[in-house]
Amino acid sequence: MIHTAEKFTPALDDLEAQAACFEQNSFVVLPNLLTPEEVIELNLAIDRDRAANPFMWYCETSRDYNCNLLLTEPLFEITIRHPKVLPLVERIMGGAFCFEELSVRHTEGRKQTTPTEWHRDRGHWLEHPLHLDYPQVIYYLTDVDEDTHCFTISPEPAREAVLERDAHIERGGTFYFHGKAGSAILFNAATLHGPTHRASTRHRRIVQVYYGHPHRPPLSEVTLMPPRLWRDSPDPEIRRFYGKFNRYSRVMLDAMGIEVDE
């Protein structure tokens, strides 16, 4: 069963409809979240960083994956604290939440189509009403359609039993997320999803932002938290929001003599 986008795309100004869609499917589509001007600036920032700091990009020969653009390109903060995303994340999380990770991917075209790389980033947190530990939002920075690589997800009712892969897909079907640059999708990182790589001459660029509960374990050990956000911001809410440290941040900051409050 292949789904179309309409049933997963409530109006951007209807918070309750978005939350209901998430509860029914473990994801919701957020079209045109970034402006064309923001998309241009973010792409320019990626080009700039790939040229200036290739060592910061995994797979250096193709420079396709960076988890620390916050260090060199503060512009990417607009994808983390987006005014249309934060209220929705707070609504589905059920209270206070915090930043976990930002990563940027540049995927070149390929000569052949390959099956969807189904996976779950982390397990479900069954104690949460929506089984939600780490929500993730993916922004497209390039146009994505049937002729390009795309993000793919299998709908999963948030309150129902967690199934193995084949049973999950049989129950939920498949949704290939296509959209213009600036469109986004918010989903439970524990639900079944993955990239679908297609035979294409066009590259795809995405920004991935993860959020989490303040007192749950860190999602990963890849994003270093810049002191300008958790220490130097005049806004106490900004400092709190960026104040959850993974082990990577603690080791690096300690080595540089930067104290982190427990």
Ser103 side chain to Tyr65 backbone, donor-acceptor under 3.5 Å: no
Could you tell me whether the side chains of Thr148 and Ser200 share a donor-acceptor contact shorter than 3.5 Å? no
What orientation do Tyr140 and Phe177 show, parallel under 30°, tilted 30 to 60°, or perpendicular over 60°? parallel
Check the surroundings of atom CD in Glu221: do more than 12 heavy atoms from other residues, nucleotides or ligands lie under 6.0 Å from it? yes
Is there a path of hydrophobic side-chain contacts, each under 4.5 Å between heavy atoms of I, L, V, M, F, W or Y residues, that connects Tyr211 with Met225? yes
Return each pair, listed once, that meets side-chain hydrogen bond (donor to acceptor under 3.5 Å, both in side chains) where at least one residue sits in residues 19-33; pairs must be two or more places apart or across chains. Glu23-Arg159
Describe, in one word, how the ring planes of His131 and His124 are oriented to each other, choosing from parallel (under 30°), tilted (30 to 60°) and perpendicular (over 60°). perpendicular
Presence of salt bridge, Glu146 and Arg198, under 4.0 angstrom: no
Step by step, work out the side-chain contact (heavy atoms from CB on, under 4.5 Å) result for Met93 and Leu132. CA-CA 7 Å; Met93 293 285 269; Leu132 180 60; 3.7 Å; yes
List in chain and number order the residues that pass side chain to side chain contact (heavy atoms under 4.5 Å, CB included) with Ala167, two or more places apart in sequence or in another chain; answer none if no residue qualifies. Leu163
Verify the cluster assignment for Met252 and Phe99: are they in a single hydrophobic cluster under the rule of side-chain heavy atoms below 4.5 Å apart? yes
Distance alone, cut at 3.5 Å: any donor-acceptor contact between the side chains of Thr116 and Thr196? yes
Nearest non-hydrogen partners of Asp145 and Asp147, listed with the distance: OD1-N, 2.8 Å
Scanning both residues in full, the closest heavy-atom pair of Lys84 with Leu33 reads CB-CD1, 3.6 Å
Answer yes or no: is there a side-chain heavy-atom contact under 4.5 Å between His149 and Arg205? no
Please lay out, stage by stage, how Ile185 and Phe8 fare under the test side-chain contact (heavy atoms from CB on, under 4.5 Å). CA-CA 9 Å; Ile185 185 169; Phe8 308 121; over 6 Å; no
Going by distance alone, is a donor N or O of one side chain under 3.5 Å from an acceptor N or O of the other, for His178 and Asp143? no
Can you tell me how far apart CG (Asp49) and CG (Leu44) are? Round to the nearest 0.5 Å. 12.5 Å
Run the salt-bridge test on Asp254 and Arg247 with the 4.0 Å N-O cut-off and return the result as yes or no. no
ILVMFWY cluster, Ile206 and Trp57 together (side-chain gap under 4.5 Å): no
Run the side-chain contact (heavy atoms from CB on, under 4.5 Å) check on His106 and His203 step by step: do they pass? CA-CA 7 Å; His106 172 104; His203 70 265; 3.6 Å; yes
Would you find a donor on one side and an acceptor on the other, under 3.5 Å apart, between the side chain of Asn66 and the backbone of Tyr58? no
Decide yes or no for His82 and Leu34: does some side-chain heavy atom of the first lie under 4.5 Å from some side-chain heavy atom of the second? yes
Would you say Val85 and Leu130 are hydrophobically clustered, going by side-chain heavy atoms of ILVMFWY under 4.5 Å? yes
Of Arg216, Lys244, His213, the residue whose pairing with Glu100 passes side chain to side chain donor-acceptor pair (under 3.5 Å): Lys244
Within a radius of less than 6.0 Å around CZ of Arg240, do more than 12 heavy atoms belonging to other residues, nucleotides or ligands occur? yes
N/O donor-acceptor pair under 3.5 Å between Asn188 side chain and Ala190 backbone: yes
Determine the interplanar angle of the Phe241 and Phe97 rings, folded into 0 to 90°, and report it as parallel if under 30°, tilted if 30 to 60°, perpendicular if over 60°. perpendicular
Across all chains, not counting sequence neighbours, the ring-ring contact (aromatic ring centres under 6.0 Å, His included) partners of Phe76 are none
Test ring-ring contact (aromatic ring centres under 6.0 Å, His included), reference Phe151, set Phe187, Trp118, Phe175, Tyr139, output is Phe187
Looking only at heavy atoms, which two atoms of Ile92 and His128 are closest? And how far apart? O-CE1, 3.2 Å
Look at Asp64 together with Arg204 and state whether they make a salt bridge at an N to O cut-off of under 4.0 Å. no
Which heavy atom of Ala45 sits nearest a heavy atom of Leu75, and at what distance? CB-CD2, 4.3 Å
Quick check on His119: does its NE2 atom have over 12 non-hydrogen neighbours (other residues, nucleotides or ligands) under 6.0 Å away? yes
Are any non-hydrogen side-chain atoms of Leu71 and Met56 less than 4.5 angstrom apart? yes
Do Leu86 and Leu70 sit in one hydrophobic cluster, given that two such residues count as connected whenever their side-chain heavy atoms are within less than 4.5 Å of each other, even indirectly? yes
Taking everything shown except Gln112 itself, do over 12 heavy atoms lie less than 6.0 Å from its CD? no
Under the side-chain contact (heavy atoms from CB on, under 4.5 Å) criterion, do Leu192 and Ile169 qualify, and how do the steps go? CA-CA 8 Å; Leu192 204 60; Ile169 296 172; 3.7 Å; yes
Looking at every heavy atom in both Tyr134 and Pro217, which two are closest together, and how far apart are they? OH-O, 2.5 Å
Provide the closest heavy-atom pair for Asn68 versus Leu224 in the form atom of the first, atom of the second, distance. OD1-N, 2.7 Å
